[in-house]
Participant: 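After the structure tokens below, expect a handful of questions from me.
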Amino acid sequence: MTRDPAPDTAATEIAERLSSSPDDESAWKRLADAESETRREVVLALKGRVDALVRSAPRDAPVVADALVRAAGFAPELEALALRGRGVATHFAGRSAEAVLDFERAVELYVGRGEEVEAARVHRSMVEVYQMAGRTEDALRCADLAGRVFREHGEVRLLGELELNLGNLYTRLDEYPRARDCYSGARERFRELGEETMLAFTDFNLGVVEMNANRCDEAERVWRSAREGLQRAEMAVHVADCDYSLAYLESRRGRFEAAVRGLEEARSSYAENGKPSGEPLCDLDLAEIHLRLDARRDALELAGRAAAGFRELD
């Protein structure tokens, strides 16, 4: 009689199969027949896979995230975690409305179980998701709810992450002094904790504030610092974000040759590593540069390509 592998091995095999072939019903049957601990390990392994894809290949993450949520049906205690994973995946894929539904359901589950800090962690994530969906009041409400819980429980790292998200919100609202205050608070917390990657994310967003304050040299400094940190963390999409920002800064300075070169490199990186909004954003900025150079036909072609890309993203 052939016996199944030990639980750890079985969970790894099932998770790998579902990651590569989410429609493989034989893998789903193995999961259904597995012991409860193996089912949990499969869900956790799939969540880890989704998190990795969000950082390295975000366009591939939603399919695996759907498998994650289906797998959590065999380990209901992990349903909220699975919904959070899918929410992040769909958000990074530009599908914020879908992400909101998953995050809201996850909050309901955590609140029902009395897990206050976990619910607050979801509210922290929803600040950015609501912001991208254009729901500013909801974003501010979530920030207030999360902040009160994190302070009560002394969650320094989570407070830093919340301040980072809140800074992004104020940046989108053009409230730059408030955004800088949020980023400064986040930087202090991350530096204190030795969180280099989160410090890099904060520097990246701080660069936007500095650029809009016409402090171009300072913006370049923090973006280059952010790029180094994100490259060390092997976050290719976010490295491309830094390249895009540095190129845009060059266009603001009137250094159009360097700006075009940088935007084309960033566009290629977005295409290779997967960020749906990256390519049309580069096309839009390239169109603006060509218009300023009076190359109107090239500008029209690039603007049309950007418009097509944005239509695809709805």
Side-chain angles (χ1 to χ4, degrees), residues 47-48 50-52 54-55 58 80-81 84-85 87-89 91-92 96 99 103 106-107 110 115-132 136 138-173 175-213 218-219 221-235 237-239 241-242 245:
K47 173 64 163 56
V50 170
D51 291 344
V54 165
R55 293 191 295 268
L81 182 71
R84 285 166 63 182
V88 172
H91 172 55
F92 270 81
S96 296
F103 283 131
V107 167
Y110 283 130
E115 297 186 39
E116 189 178 43
V117 173
E118 291 304 313
R121 289 178 66 167
V122 182
H123 279 136
R124 172 212 58 196
S125 299
M126 291 175 74
V127 172
E128 182 175 350
V129 177
Y130 276 137
Q131 161 205 314
M132 295 300 291
T136 301
D138 286 323
L140 290 170
R141 174 181 57 82
C142 285
D144 182 60
L145 289 170
R148 281 192 276 116
V149 173
F150 294 155
R151 289 184 184 91
E152 287 173 7
H153 290 267
E155 295 284 355
V156 177
R157 186 183 193 278
L158 294 176
L159 270 173
E161 292 175 0
L162 176 63
E163 287 168 332
L164 173 56
N165 286 357
L166 198 53
N168 296 345
L169 174 61
Y170 285 131
T171 297
R172 283 185 168 269
L173 295 174
E175 296 186 24
Y176 298 117
R178 297 179 79 172
R180 183 182 279 113
D181 287 344
C182 288
Y183 292 142
S184 295
R187 291 182 91 250
E188 276 185 36
R189 298 186 201 279
F190 295 141
R191 187 179 290 110
E192 176 187 338
L193 295 169
E195 292 279 357
E196 290 188 8
T197 301
M198 294 307 301
L199 186 59
F201 276 122
T202 308
D203 279 343
F204 173 78
N205 289 285
L206 180 59
V208 178
V209 173
E210 301 297 4
M211 181 185 68
N212 283 287
E218 185 63 16
R221 185 189 68 78
V222 293
W223 273 333
R224 292 199 182 282
S225 173
R227 191 186 192 284
E228 290 176 6
L230 294 167
Q231 194 164 39
R232 283 195 297 271
E234 297 182 347
M235 294 184 172
V237 171
H238 298 301
V239 171
D241 287 338
C242 293
S245 299

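Atom set for the values below is all heavy atoms of this structure, side chains included, hydrogens, waters and symmetry mates excluded.
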Participant: Can you name the closest pair of heavy atoms from A119 and V107 and give their distance?
Facilitator: O-CG2, 4.1 Å
Participant: Between R187 and E163, is there a side-chain N and carboxylate O pair less than 4.0 Å apart?
Facilitator: no
Participant: Look up atom NE2 in H123 and atom CG in L158, then write down how far apart they are to the nearest 0.5 Å.
Facilitator: 14.0 Å
Participant: Do Q131 and T136 have side chains that approach each other closer than 4.5 Å (heavy atoms only, starting at C-beta)?
Facilitator: no
Participant: Which atoms form the tightest heavy-atom contact between A219 and G207, and what is the distance?
Facilitator: CB-O, 3.6 Å
Participant: Shortest non-hydrogen contact from V129 to S96?
Facilitator: CG1-O, 3.7 Å
Participant: Does N205 use its side chain to pair, donor to acceptor, with the backbone of F201 at less than 3.5 Å?
Facilitator: yes
Participant: Flag the pair F204 / L164 as yes when at least one side-chain heavy-atom distance between them is below 4.5 Å, and no otherwise.
Facilitator: no
Participant: Less than 4.5 Å apart, side chain to side chain, heavy atoms only: is that true for M211 and E218?
Facilitator: no
Participant: Which distance, rounded to the nearest 0.5 Å, do you find between the NE2 of H91 and the CZ of R84?
Facilitator: 14.5 Å
Participant: For a 4.5 angstrom cut-off between non-hydrogen side-chain atoms, does R227 reach Q231?
Facilitator: yes
Participant: So, the side chain of S225 versus the backbone of R221: is there a donor-acceptor pair under 3.5 Å, distance only?
Facilitator: no
Participant: Which donor-acceptor pairs under 3.5 Å do side chains of residues 177-186 form with protein atoms, sequence neighbours excluded?
Facilitator:
residue : atom : partner : partner atom : Å
R178    : NH1  : E175    : OE1          : 3.1
R178    : NH2  : Y170    : OH           : 3.0
R180    : NH2  : E210    : OE1          : 3.0
Y183    : OH   : G167    : O            : 3.2
Y183    : OH   : N168    : N            : 3.1
Y183    : OH   : N168    : OD1          : 2.6
Y183    : OH   : T171    : OG1          : 3.2
S184    : OG   : R180    : O            : 2.9

Participant: Rounded to the nearest 0.5 Å, what's the gap from CG on D203 to CZ on F190? Could you check?
Facilitator: 10.5 Å
Participant: Please give me the minimum heavy-atom distance between A99 and G87, naming the atom from each residue.
Facilitator: CB-O, 3.3 Å
Participant: Ignoring hydrogens and geometry, is there a side-chain-to-backbone donor-acceptor pair from W223 to C242 under 3.5 Å?
Facilitator: no
Participant: Between F92 and H238, how do the two ring planes meet: parallel, tilted or perpendicular, split at 30° and 60°?
Facilitator: perpendicular
Participant: Got a second to check how far R141's CZ is from Y130's OH, nearest 0.5 Å?
Facilitator: 5.0 Å
Participant: The test is side-chain contact (heavy atoms from CB on, under 4.5 Å); show your working for V54 and V50 and say whether it passes.
Facilitator: CA-CA 6 Å; V54 165; V50 170; 4.3 Å; yes
Participant: Less than 4.5 Å apart, any side-chain heavy atom of V149 and any of R121?
Facilitator: no
Participant: Minimum heavy-atom separation for G147 and L159, please, with both atom names.
Facilitator: O-CD2, 4.2 Å
Participant: So, do R172 and M132 sit near enough that their side-chain heavy atoms are less than 4.5 Å apart?
Facilitator: yes
Participant: Could you grab the distance from atom CG of L166 to atom CG of D144, nearest 0.5 Å is fine?
Facilitator: 10.0 Å
Participant: Would you say that T197 contacts M235 through its side chain, given a criterion of any heavy-atom pair below 4.5 Å between the two side chains?
Facilitator: yes
Participant: Inspect the surroundings of CD in E234 and state if more than 12 heavy atoms from other residues, nucleotides or ligands are less than 6.0 Å away.
Facilitator: no
Participant: Please report the shortest heavy-atom distance between N212 and Y176, naming the atom on each side.
Facilitator: CG-OH, 3.4 Å
Participant: Quick one: pull up CG in L173 and CG in L140 and give me the separation to the nearest 0.5 Å.
Facilitator: 7.0 Å
Participant: Mark yes when over 12 heavy atoms from residues, nucleotides or ligands other than E152 sit less than 6.0 Å from its CD; otherwise mark no.
Facilitator: yes
Participant: Hey, are the side chains of F103 and V88 touching, using non-hydrogen atoms and a 4.5 Å cut-off?
Facilitator: yes
